[in-house]
Peer 1: 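After the structure tokens below, expect a handful of questions from me.
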Amino acid sequence: MIEKSKIHNGSRDVQNNSSLELAMIDSDFGSCSVEIPKDQFNILLDFELQAKEKSVDDEAFEYVVGYVAKRFIGKYPQLGEIATPLTNNELSGSWTEYKSMGNLVKPTKLFFKVAKIMDMEFHKLHGNHVNHNPGIMQTLTDIVMDTVAGYNIEIPAEVVHFLVRTWTFMRINRLNKAIEHNQSKNLKDKAYLKKFIV
């Protein structure tokens, strides 16, 4: 989060310089104060406003779809484009563009639409868990290919299958972490209860 504040009692002669602002930048790693020229401070504020408009899940989804696009971009260049590093004055449209140093791929709108269709069909098929039927990844790939064909979108089946496979493994990983978290929480609760029972 970026907060606007005044510069108070600075050891340098910053108070008289009205072209500087003090940005309080908070992150998971802590917070810090940075003196920033007003024009660049406004860029930070604009980025923060844009970032709030898109949810974290959408940004993460775009990143994963970009990963799949990168795997096939040599064979199917219509899946995405290399996200170029931003210059100081550019505003980012997405987290992928913001984080890219020239190595990330931003999926095209068409491929992103296919991925959204896959996600919708994924949730219909799996619900809040993972369906354990044999051949479930191929089943979902076939469903997505049929749905996408209804929209007159042509996309290689191998790309959709890799997207389904990646998304399935990510779901399994997320569910395993939730189970692990709940188990460790239950163990801590039991240990805490044992202390009071004895």
Side-chain angles (χ1 to χ4, degrees), residues 28 46-87 90-186:
D28 293 340
D46 288 343
F47 176 76
E48 185 176 31
L49 290 174
Q50 283 182 359
K52 285 182 181 177
E53 289 176 6
K54 277 188 159 182
S55 73
V56 173
D57 288 341
D58 285 345
E59 296 289 347
F61 188 70
E62 179 186 74
Y63 181 80
V64 171
V65 176
Y67 163 75
V68 173
K70 184 174 182 171
R71 293 289 300 254
F72 292 96
I73 201 162
K75 195 172 182 181
Y76 307 109
Q78 71 273 18
L79 296 178
E81 56 187 27
I82 303 292
T84 56
L86 300 173
T87 62
E90 284 184 302
L91 290 178
S92 168
S94 71
W95 184 82
T96 303
E97 289 175 340
Y98 176 73
K99 286 302 276 185
S100 181
M101 302 261 188
N103 298 320
L104 298 179
V105 171
K106 183 172 171 68
T108 60
K109 289 181 180 181
L110 188 65
F111 186 44
F112 196 74
K113 182 177 181 178
V114 170
K116 284 289 193 181
I117 291 169
M118 183 278 308
D119 186 47
M120 179 184 67
E121 295 297 338
F122 186 94
H123 287 289
K124 284 181 188 176
L125 186 63
H126 292 290
N128 291 330
H129 304 287
V130 175
N131 191 321
H132 294 286
N133 292 338
I136 196 68
M137 289 187 206
Q138 187 60 50
T139 302
L140 182 57
T141 301
D142 294 341
I143 291 170
V144 172
M145 291 301 292
D146 290 343
T147 306
V148 166
Y151 288 102
N152 293 324
I153 299 172
E154 292 184 25
I155 187 150
E158 68 178 320
V159 173
V160 173
H161 185 73
F162 189 78
L163 183 63
V164 166
R165 184 173 179 263
T166 303
W167 204 243
T168 302
F169 287 138
M170 287 181 62
R171 169 64 73 87
I172 290 169
N173 189 21
R174 182 184 284 176
L175 290 172
N176 284 341
K177 285 185 179 185
I179 290 169
E180 184 179 296
H181 175 72
N182 288 337
Q183 285 177 346
S184 67
K185 184 180 176 187
N186 289 340

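Since the model is a prediction, treat every value here as computed from it, not as a measurement. Residue numbers start at 1 and run along the sequence shown.
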Peer 1: Is there a side-chain contact between M145 and I155 in this structure, where contact means two heavy atoms from C-beta onward sitting under 4.5 Å apart?
Peer 2: yes
Peer 1: Which atom names give the shortest non-hydrogen contact between A115 and V65, and what distance separates them?
Peer 2: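 Closest approach of A115 to V65: CB-CG2, 3.4 Å.
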Peer 1: Does E180 come within less than 4.0 Å of K177, counting only side-chain N to carboxylate O?
Peer 2: no
Peer 1: To the nearest 0.5 Å, what is the distance between CD (Q138) and CD1 (I143)?
Peer 2: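 CD1 of I143 is found 10.5 Å from CD of Q138.
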Peer 1: With under 30° as parallel and over 60° as perpendicular, where do the rings of W167 and F122 fit, or are they tilted in between?
Peer 2: perpendicular
Peer 1: Taking the side chain as every heavy atom from C-beta outward, state whether M170 and R174 have any pair of such atoms under 4.5 Å apart.
Peer 2: no
Peer 1: Within a 6.0 Å radius of atom CG on N128, are there more than 12 heavy atoms belonging to other residues, nucleotides or ligands?
Peer 2: no
Peer 1: What's the spacing between L175 CG and H126 NE2 if we round to 0.5 Å?
Peer 2: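 That separation rounds to 10.5 Å.
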Peer 1: Ignoring hydrogens, what is the shortest heavy-atom contact between R171 and H129? Give both atom names and the distance.
Peer 2: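 Heavy atoms only, the tightest pair is NH1-O, 3.1 Å.
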Peer 1: Got a second to check how far M118's CE is from L125's CG, nearest 0.5 Å?
Peer 2: 11.5 Å
Peer 1: If we check side chain to side chain contact (heavy atoms under 4.5 Å, CB included) with T141, which of these qualifies: V160, I136, V159?
Peer 2: V160
Peer 1: What closest approach, in Å, do G66 and P107 show between heavy atoms, and which atom pair accounts for it?
Peer 2: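 Shortest heavy-atom separation between G66 and P107 comes out as CA-CD, 3.9 Å.
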Peer 1: Quick check for you: to the nearest 0.5 Å, what is the distance between F169 atom CZ and T166 atom OG1?
Peer 2: 8.5 Å
Peer 1: Stepwise, does the side chain to side chain contact (heavy atoms under 4.5 Å, CB included) test hold for K113 with K109?
Peer 2: CA-CA 6 Å; K113 182 177 181 178; K109 289 181 180 181; over 6 Å; no
Peer 1: What distance separates T108 OG1 from Q78 CD, expressed to the nearest 0.5 Å?
Peer 2: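 So the OG1 of T108 and the CD of Q78 are separated by 7.5 Å.
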Peer 1: Is any side-chain heavy atom of I153 less than 4.5 Å from a side-chain heavy atom of V114?
Peer 2: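 In contact.
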Peer 1: Please give me the minimum heavy-atom distance between F112 and E62, naming the atom from each residue.
Peer 2: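 Closest heavy-atom pair between F112 and E62: CE1-CA, 3.7 Å.
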Peer 1: In Å and rounded to the nearest 0.5 Å, what is the CG to CZ distance from D119 to F61?
Peer 2: 4.5 Å
